Protein chains: 2
Amino acid sequence: MLCLQAPTNAGWIEAASRNMIALLCDHAHCERKAAMNGMFLLMQYPQRDALVREMITLVEEETAHFKMIVGELHGRGISLRPDRGNFYAKQLAAHVRKQDPERLLDALLVDCLIEARSCERFTILAGCEAIPEDLRGIYQALMSSEEGHYLMYVELAKRYFSPDTVEARLEELSHIEADIVRSLTNQPTMHG
Amino acid sequence: MLCLQAPTNAGWIEAASRNMIALLCDHAHCERKAAMNGMFLLMQYPQRDALVREMITLVEEETAHFKMIVGELHGRGISLRPDRGNFYAKQLAAHVRKQDPERLLDALLVDCLIEARSCERFTILAGCEAIPEDLRGIYQALMSSEEGHYLMYVELAKRYFSPDTVEARLEELSHIEADIVRSLTNQPTMHG
């Protein structure tokens, strides 16, 4: 259902579960960037009313997740670390075409794939026995939220483009995404 | 109490109240940019725990205001317009020094002054009889919120710098801000 063409590499969960603080810090930044990305997208398309409304809801939710993960860090006496960037997201974003309407379609579908991958990884984290119970509960909750965002992005794309156009481009981008995921080096980050 | 060294030009309220849709569109973008600015600031100083927490609260509030103003527009059948930029905020931001710790101090105090000016202008809008009653109620509510943000920025500055340093730089920047405000050409925008 998530349209992912390759599973996360088997080695990632070990790297992630052995470095929970690094994972939490990177995860916090992912939530922050998802919120900022929502703000950027609506700023680029202010006259698309439905997009603006969906992005506001997304920003609210991602900000709440960011707050929750920062709370987990601060509650452990740990400060947020500087953002070290996201190789995966950057690679994928490079495939967004530069001119509209293709730019809008690609932006929505790239965001959709990032949400789908996050959903897959939260599912893995929620089921990993090496991870503390309280954090597994958080990953379980976030899993559903990311799935909702994935669906929202696809529906938004289908509001502005024909279903065939959306499905064809999603198919192309999902193969590109799978190649990027296979090339990852199992870092203790959400998309490492 | 707001530390402003000059009142808004008398001509602004007439321009603003005669162009309520333009004002609402610009206002929505101001709330969006205030939220994004909070995200940028905490991204630059992730290891300042108190700053991170205060900025998350600010982002939540500014996003809620953005949502409310977009709702006012959409409720009137009007889409958000493209952001036309903010001459006032850009002029003021040019006075933020480039190196830390001065950069942090200046960023906090520039944001503080923008909140104070917004508070002053919401007060004017709330008391303007040419503006519809429901919008005046919104401006009244936002007035208190912006005052809270103004105080939060000063307190945050005093957490990281001595009160004397904060007061002296706020005095300097408030005179710069007043000069910028006097030079404005009474556009129907929040800081026009």
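Throughout, protein chains are lettered first and strands after them, A, B, ... in sequence-line order, and every chain is numbered starting at 1. Since this is a predicted model, take the numbers as computed values, not measurements.
Among the candidates B:Leu42, B:Ile56, B:Asp49, the single residue satisfying the side chain to side chain contact (heavy atoms under 4.5 Å, CB included) test with A:Val70 is B:Ile56.
Sparse packing is recorded around CD of A:Glu14, with 12 or fewer heavy atoms of other residues, nucleotides or ligands lying under 6.0 Å away. Within a 6.0 Å sphere centred on CZ of B:Arg84, other residues, nucleotides and ligands contribute 12 heavy atoms or fewer. Atom CZ of A:Arg159 is surrounded by 12 or fewer heavy atoms from other residues, nucleotides or ligands within 6.0 Å. No more than 12 heavy atoms of other residues, nucleotides or ligands sit less than 6.0 Å from atom CZ of B:Arg18.
Among B:Thr57, B:Leu73, B:Ile78, B:Thr63, the residue making the largest number of heavy-atom pairs under 4.5 Å with chain A is B:Thr63.
Of the atoms belonging to B:Tyr45, not a single heavy atom falls under 4.5 Å from chain A. In this structure, chain A has no heavy atom under 4.5 Å from any part of B:Ala28.
Of all non-hydrogen atoms in A:Leu80 and B:Gln47, the two that sit nearest each other are O-CG, 3.1 Å. In terms of heavy-atom proximity, A:Arg81 sits nearest to B:Pro46 at O-CB, 3.7 Å.
Within the model, atoms CD of B:Glu60 and CZ of A:Phe66 stand 10.5 Å from one another, a figure rounded to the nearest 0.5 Å. In this structure, A:Glu62 CD and B:Met39 CE are separated by 9.0 Å, a value rounded to the nearest 0.5 Å.
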